[in-house]
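Following: one structure in structure tokens, then a few remarks.
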Amino acid sequence: MQEKYAPAEIERAAQEHWRETSADRAIEDAGGKPKYYCLSMFPYPSGKLHMGHVRNYTIGDVLSRYHRMKGFNVLQPMGWDAFGMPAENAALANGVAPADWTARNIAYMKKQLQSLGFSIDWAREFATCAPEYYRWEQWLFTRLFRKGLIYKKLGTVNWDPVDQTVLANEQVVDGRGWRSGALVEKREIPMYYMRITAYAEELLAGLDTLAGWPEQVRLMQRNWIGKSIGVRLAFPYELDGKSGKLWVFTTRADTLMGVTFVAVAAEHPLAAAAARNNPGLAAFIEECKQGGVAEADLATMEKKGMPTGFSVRHPLTNEPVPVWVGNYVLMSYGEGAVMAVPAHDERDFAFAQKYGLPIRQVIAVKGASFSLESWQAWYADKDRGVCIHSGKYDGLDREGAVEAIAADLAARALGERQIQFRLRDWGISRQRYWGCPIPIVHCETCGDVPVPDEDLPVVLPENVVITGAGSPLARMPEFHACACPRCGKPARRETDTMDTFVESSWYFLRYACPDNDRAMFDARVNYWCQNGVDQYIGGIEHAILHLLYARFFTKLLRDTGEVDGVGIALDEPFGNLLTQGMVVAPTFYREDGDGRKEWINPADVEVRTDARGRPAGAVLKADGGPVMIGGMEKMSKSRNNGIEPKTLIERYGADTVRLFMMFAAPPDQSLEWSDAGVEGASRFLRRLWRTVFEHVGKGLPEGALPETLPASLKDLRRKLHQTIARVGDDYGRRRQFNTAVAAVMELLNVYDRTDLDAPAGRVLAQEILETVTLLLFPITPHIGQALYAELKPGADAARASFPEADAAALAQDTIEFMLQVGGRLRGSFTISADAGRAAIETAALATGVAQKFMAGKPAKKVVVVPGKLVNIVV
RNA sequence: GCGCGGGUGGCGAAAUUGGUAGACGCGCUGGAUUUAGGUUCCAGUGCCGAAAGGUAUGCGGGUUCGACUCCCGCCCCGCGCACCA
């Protein structure tokens with residue numbers, strides 16, 4: 001055995017060994033082993049691996065390797081979410097074709113992933129930009145289109161009037177186009193939508209079955225779907241001699257008698273009608289078109305409105321109610337109009353105050369008096385009121401009033417109870433090039449015709465010129481000029497592509513059969529995806545959109561029926577979900593004369609500390625001059641605080657990087673990068689290596705452990721088996737890897753402090769070192785592979801089972817109890833492990849500590865927590 | 001603005017079901033070994049205090065024999081908001 005731990009060498013050897021023995025291949029026929037499908041969210045091939053990837057895939061690899069050791073048939077695949085905007089941006093910046101750029105990035109990042117030793121079945125790798133993949137997406141599209149689950153309607157987008165192009169929300173900075181600097185406008189264009197709202201009820205109910213998901217994520221999805229039960233009601237009106245109804249939705253029909261105005265969205269037909277003879281209003285509506293479509297911006301902007309000069313009639317009293325146009329009313333939610341009750345709604349209140357609109361109280365709260373001055377405080381009690389100033393409804397509580405009012409509205413055909421979702425249908429059209437073409441042909445005679453199966457895939461051409469103004473496909477007649485598949489007349493192919501979220505909504509199923517060129521799925525899906533992916537791992541930022549879309553797709557595919565004899569018999573795609581936290585790092589900067597910050601990479605900075613270890617300034621290594629210390633922020637290009645995985649792997653080895661990532665924080669919390677922490681992880685592995693080296697150097701011990709052991713060895717062996725139980729629980733149930741590592745470190749600390757030179761000690765040392773190697777194997781597999789082979793010549797750690805705790809070794813003769821008097825810790829006492837409650841109580845009262853702190857007073861009560869603590873209350 | 005998280009030593013964190021607050025690691029201080037150290041080993045390390053003891057989990061209140069943990073109110077930080085992925 002080599003004396004020195006040489007990570008580069010042993011990692012190369014271990015990876016070669018795994019390749020030669022096909023250790024990472026996932027085979028369907030597993031001889032009765034249960035399957036375990038462990039999936040990490042696939043990366044966008046942006047160029048290089050970043051630390052967030054390393055963290056994500058290390059967590060996945062730890063769980064994969066642990067379950068393989070526990071006897072599962074493990075599948076851990078990897079692929080590339082390869083369509084997306086950055087490839088087009090790179091094309092604009094460097095003139096490289098998106099397809100080439102993407103392929104190059106994939107090749108580089110794959111090498112990086114392989115250098116980390118992940119147990120990935122590379123035979124299943126695919127990229128979503130390959131026609132062999134996206135053809136099935138197009139195939140599915142045509143079916144969903146025929147079933148009406150995909151349909152066309154107008155949607156609102158960000159429009160850059162200078163570049164004449166649609167912008168993503170990300171490309172709108174402070175209301176302006178990121179390249180042109182032009183003020184962005186809202187524009188309505190025809191788009192295809194997926195009818196996710198048809199599944200709203202099931203997507204909501206399904207959340208209750210996802211016991212393996214973090215409660216946080218389920219809550220976020222529940223609120224996103226946003227089911228509310230309310231009343232859809234109409235305000236009748238006459239306009240241009242015709243009568244009409246202005247519909248609104250409200251969850252507070254009990255406040256209907258307090259309505260003092262109605263607000264409609266700028267895009268509402270009634271607003272447009274009123275603006276025809278009102279230039280001021282027309283100008284306001286035009287002003288409302290200014291700015292982007294992102295909801296965060298809409299919700300934080302100043303609430304503005306303008307009266308239309310037009311009134312509708314109250315559905316119960318027939319009184320006129322003025323109609324306003326409000327920039328805060330969303331056309332895309334509900335009816336695009338809201339009834340305003342300023343007395344009982346915060347937003348309406350602010351709006352009414354601003355424009356001097358009447359405020360009519362119709363709910364009284366017992367013991368709280370309504371006043372405009374202290375309205376906010378009064379409003380806090382909103383849930384406890386009854387109706388007043390509401391005629392026949394006076395005295396009714398909220399539920400009763402809603403019921404009575406809904407009934408009266410129904411009798412007049414002016415309203416009905418309705419369930420409303422916040423969830424909107426999913427617009428999937430993108431006016432961009434680097435995406436999956438939408439398989440539709442537009443024919444003047446036949447309308448929108450789906451491309452027939454035999455003409456699929458609609459292949460995305462790769463020889464294109466990206467200009468940043470509109471989609472290049474629209475300028476390529478060789479792409480869009482075609483014949484109508486139905487009537488044969490000249491037609492135009494759709495040039496929009498699909499939202500890249502579509503590819504990531506079903507990729508996890510395709511890993512089961514990536515090589516099938518005859519069908520989207522085959523029977524292998526039912527093997528690997530039975531009960532879904534067993535463990536899914538990815539960033540918390542995907543808590544809503546991606547995870548909701550993937551759940552939606554699973555239900556769509558289930559309901560699409562059998563395909564080539566295979567049906568997707570699955571309600572939910574991911575049984576267990578682990579949402580990983582961000583990787584953050586310190587930021588450093590220098591300011592130039594204009595106060596502009598130049599961000600400096602942490603790798604180029606040295607932080608100085610004072611005598612107590614507090615940071616006392618930082619200097620640039622290159623020139624020794626001071627730099628400013630910023631906060632901890634997510635690793636990013638803009639802050640130049642990214643740490644290169646490549647550099648670290650070369651310097652310390654993959655195992656050190658993996659160990660640090662798992663040890664520094666629990667997986668769902670953000671992880672702060674620390675050079676010193678990496679150094680510490682490396683130190684631990686060197687120490688482990690040295691410990692095994694010293695042990696092996698004395699010759700491997702022979703024979704079994706004697707029946708009876710001296711106390712020190714018995715204690716150490718108990719510690720060993722406690723550690724096995726704890727680490728197994730941390731991996732398998734708690735998924736808290738930092739404490740698993742800590743437990744092993746603790747064990748090695750005790751090992752170092754125990755004299756193991758006697759023959760029995762040598763045998764125990766062997767047991768401990770073999771066990772530790774295997775306990776750490778999921779996290780640090782390379783060093784584990786090497787050390788295990790030294791400890792057990794000829795053995796292969798990659799095929800070993802996870803250690804099992806020995807119940808006999810865990811038994812304890814005596815237990816130490818903590819002793820509290822009056823709830824304060826005063827001491828402790830030791831008593832036989834089989835002592836009963838009465839004996840424990842007597843022993844506690846007899847201790848000198850108890851006598852002292854009770855000071856002669858009688859015990860009022862003695863609380864005994866079995867195995868832990870006694871509290872004497874005086 | 002709305003929804004969801006988080007806040008514990010100098011730092012990352014632990015405390016699994018309301019029961020020893022700070023395991024484990026980093027850093028720091030002192031010492032030993034070494035020609036040397038970005039090596040290794042030993043000891044110490046929440047704060048106040050000589051000690052006894054007191055005090056401490058963002059802030060203010062509450063429940064309990066006992067609260068980092070449960071309840072009410074507040075402050076700060078992060079994530080998401082439908083065209084970033």
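Since the model is a prediction, treat every value here as computed from it, not as a measurement. Residue numbering restarts at 1 for every chain, and letters A, B, ... go by the order of the sequence lines.
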- prompt: Dot-bracket, RNA chain B: Watson-Crick or G-U, under 3.5 angstrom, [ ] crossing, | other strand?
  reply: (((((((..(((......[....)))((((((.......))))))(((....)))..(((((..]....))))))))))))....
Indicate for each nucleotide in [range], in 5' to 3' sequence, whether protein heavy atoms under 4.0 Å reach the base (B), only the sugar-phosphate (S), or nothing (-).
range	value
nucleotides 39-45 of chain B	SSS----
nucleotides 79-85 of chain B	SSBBBSB
nucleotides 11-17 of chain B	-BSSSB-

- prompt: What is the nucleic acid contact for A:K852, judged by heavy atoms within less than 4.0 Å: base, sugar-phosphate only, or nothing?
  reply: sugar-phosphate
field: Donor-acceptor side-chain pairing of A:S228 and A:Q420 below 3.5 angstrom
entry: no
- prompt: Do A:Q171 and A:R179 meet the criterion of a side-chain donor-acceptor pair at a distance under 3.5 Å?
  reply: no
Closer than 3.5 angstrom, by distance alone: can the side chain of [X] be matched with the main-chain N or O of [Y] as a donor-acceptor pair?
X	Y	answer
A:T165	A:G470	yes
A:T830	A:I815	no
A:Q580	A:I540	no
A:S636	A:R639	yes
A:Y731	A:Q736	no

Which atom pair, heavy atoms only, marks the closest approach of [X] to [Y]?
X	Y	result
A:V184	A:G177	CG2-N, 3.4 Å
A:L747	A:T723	CB-OG1, 3.8 Å
A:T495	A:L473	O-CD1, 3.5 Å

Of residues 864-874 of chain A, the positions that come close to RNA chain B - non-hydrogen atoms, cut-off under 4.0 Å: A:V865, A:K868, A:L869, A:N871, A:V873
field: Contact list for RNA chain B against residues 740-748 of chain A - heavy-atom distance below 4.0 Å
entry: A:A742, A:M745, A:E746
field: Pairwise 5' ranking along RNA chain B for A:A676 and A:R347, keeping only the more 5' one
entry: A:R347
- prompt: Within a reach of under 6.0 Å around CD of A:E215, are more than 12 heavy atoms found that belong to other residues, nucleotides or ligands?
  reply: yes
- prompt: Do other residues, nucleotides or ligands put more than 12 heavy atoms under 6.0 Å from A:N749 CG?
  reply: yes
message: Applying the side chain to side chain donor-acceptor pair (under 3.5 Å) criterion to A:T156, which one of A:E188, A:R187, A:K186 satisfies it?
response: A:E188
Protein-nucleotide distance ([X], atom [atom1]; [N], atom [atom2]), rounded to Å:
X	N	atom1	atom2	value
A:F660	B:C24	CZ	C1'	14 Å
A:R824	B:A67	CZ	P	10 Å
A:D675	B:G27	CG	P	11 Å

query: Which way is the base of B:G49 turned, syn or anti, if we draw the line at 90° from 0?
result: anti
query: Do A:K153 and A:Y193 meet the cation-pi criteria used here (NZ or CZ under 6.0 Å from the six-membered ring centre, within 45° of the axis)?
result: yes
field: Atom pair OH/CG of A:Y549 and A:L203 - distance to nearest 0.5 Å
entry: 11.5 Å
message: Strictly below 4.0 Å, N to O, side chains only: are A:K621 and A:D604 in salt-bridge contact?
response: no
- prompt: OP1 or OP2 of B:A23 less than 4.0 angstrom from a side-chain nitrogen or oxygen of A:N749, does that happen here?
  reply: no
